[in-house]
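Report on the following structure.
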Number of protein chains: 2
Amino acid sequence: MNKETREKLLDAFYAKCRESRLSVTPQRLAIYKTLIGNKEHPSPEMIFKDVQSQFPMISFATVYKTLETFEQNGIVSKVTHLHNTLRYDPMTEQHHHIVCKRCKKIIDIDSTEIETLKIPSQVTKDHIFIDYDVHFNVICAECKMKE
Amino acid sequence: MNKETREKLLDAFYAKCRESRLSVTPQRLAIYKTLIGNKEHPSPEMIFKDVQSQFPMISFATVYKTLETFEQNGIVSKVTHLHNTLRYDPMTEQHHHIVCKRCKKIIDIDSTEIETLKIPSQVTKDHIFIDYDVHFNVICAECKMKE
DNA sequence: TTTTTATATTATAATCATTCCTAAATCAAA
DNA sequence: TTTGATTTAGGAATGATTATAATATAAAAA
Ligand SMILES: [Mn+2]
Ligand SMILES: [Mn+2]
Ligand SMILES: [Zn+2]
Ligand SMILES: [Zn+2]
């Protein structure tokens, strides 16, 4: 990643923080800098270790909290859905799901309702393709009402 | 769900167990029966509670182990991906991922490589649609080599 | 049917990721 | 600068999952 892209992303970070009324603390900046250009989709632990080298006093709780805050303000995104517990399905044929972000309800999608994706060459090229899953993230009717 | 469908699923269960050399224990049968026709995509805890009512001595470990065994033998499937730790992404624009089932490596897919899905009416009908994610599950080159 | 042997189960302890808590520190608005 | 709100560090607490080891059981063999 070149210097200008980096500068631009940093500027955008400051802008978003201002917009969202988030203080730009040294910890937050360090965490964000660790993420810029990071293609690993890192876990909180990886980020913690990374930041720790330049910032020995940082705490785990800060990393978790900061990432959560960043996500809520559109500064980073989460790759993992339904993270807190395992969920099983007796239906083993490929099908896809609607997932409520609030209550974690999972609903099957009618297979006829969704077109089949062509597998990108990037997938087949270097890897053994197994299958793919689509999650439609929503706020369900019940959760919508509760607002 | 009618009786015949149920019978058929149970027969298939016995067949799969025979095929995979899995003993059909009362616990396994009870767990499978709980799953038949279950549309909730239940967690191990939900399954445990359900089975417990007819099988008071069952242990949590049995439920976990059984579900894992079932999954490895194609008897049930897991809805949750990348379940054990959170993973973050500095790129907030919608894009999709290749995920290695073994090492949990996550790779971005070139947006130009994948067509856009039409949002099924089932999704928009009752829910507030937010976005969707596609995970291509693979065994990556490195993991393939290690075999 | 009995014996045998591998496999499965239970109960409990251990682990791991994540969240909670609180006093102290820091930020930014006035 | 003062002030009030926000953020942090550090450690304890929680909750999900996994490991362990002794006992029980299923199913293959005799
Ligand atoms: Mn399903
Ligand atoms: Mn990504
Ligand atoms: Zn909901
Ligand atoms: Zn891999």
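For clarity, every value in this text was computed on a predicted model and none was experimentally measured.
Atoms CD1 (A:Ile58) and P (D:dG11) sit 15 Å apart, rounded to a whole Å. A:Phe60 places its CZ atom 13 Å from the P atom of D:dA9, with the value rounded to the nearest Å. Note: OH (A:Tyr64) to P (D:dT14) measures 18 Å, nearest angstrom.
Formation of a donor-acceptor pair under 3.5 Å by the A:Arg87 side chain with backbone atoms of B:Lys78 is not found in this model.
A donor atom on one side chain and an acceptor atom on the other are found under 3.5 Å apart for B:Glu113 and A:Ser121. Between the side chains of A:Asp108 and A:His96, no donor-acceptor pair is found at a separation under 3.5 Å. When only modelled atom types and interatomic distance are considered, B:His95 and B:Asp89 share a side-chain donor-acceptor pair under 3.5 Å.
Axis angle across the helix from C:dT1-D:dA30 to C:dA30-D:dT1, with five pairs used at each end and values rounded to 10°: 40°.
Sequence neighbours left out, not one pair with a member in residues 117-137 of chain B passes salt bridge (charged side-chain N to carboxylate O under 4.0 Å, His left out). Within the structure, every pair that satisfies the salt bridge (charged side-chain N to carboxylate O under 4.0 Å, His left out) test and touches residues 30-51 of chain A, not counting sequence neighbours, is listed here: A:Glu45-A:Lys49.
In this pair, A:His135 and A:His97 present their aromatic rings perpendicular. The plane angle is above 60°, beyond the 30 to 60° band.
Aromatic ring centres of B:Phe13 and B:Phe70 lie closer together than 6.0 Å.
In this structure, CD1 on B:Ile36 lies 9.0 Å from CD on B:Glu7, to the nearest 0.5 angstrom.
DNA chain C is contacted by A:His83 of residues 71-86 of chain A, taking any non-hydrogen atom closer than 4.0 Å. For DNA chain C, no neighbouring residue in residues 42-54 of chain B is found when judged by any heavy atom under 4.0 Å.
Sequence order on DNA chain C of the closest nucleotides to B:Thr69 and B:Ala61 puts B:Thr69 first from the 5' end.
Side-chain heavy-atom separations under 4.5 angstrom define the hydrophobic clusters, and the remaining members of the one that includes A:Leu82 are A:Val99, A:Ile106, B:Val79. Membership of an apolar cluster is not assigned to B:Met145, as no side-chain contact below 4.5 Å to another ILVMFWY residue is traced. Taking a 4.5 Å side-chain heavy-atom cut-off between Ile, Leu, Val, Met, Phe, Trp and Tyr, the cluster of B:Ile109 extends to A:Ile98, A:Ile107, A:Ile109, A:Ile114, A:Leu117, A:Ile119, A:Val123, A:Phe129, A:Tyr132, A:Val134, A:Phe136, A:Val138, B:Ile98, B:Ile107, B:Ile114, B:Leu117, B:Ile119, B:Val123, B:Phe129, B:Tyr132, B:Val134, B:Phe136, B:Val138. Other residues sharing a hydrophobic cluster with B:Met46 under the 4.5 Å side-chain heavy-atom criterion for ILVMFWY residues do not exist; the residue is a singleton.
In this structure B:Tyr88 satisfies the ring pair (Phe, Tyr, Trp, His ring centres under 6.0 Å) test with no other residue, sequence neighbours excluded.
Heavy-atom contacts from other residues, nucleotides or ligands closer than 6.0 Å to CD of B:Gln94 number more than 12.
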Protein and nucleotides 23-27 of chain D: nitrogen or oxygen contacts under 3.5 angstrom:
{"from": "D:dA27", "atom 1": "OP1", "to": "B:Val24", "atom 2": "N", "distance (Å)": "3.0"}

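From the 5' end on, the contacts that DNA chain C makes with chain B at under 4.0 Å to a non-hydrogen atom open and close at C:dA8 to C:dT18.
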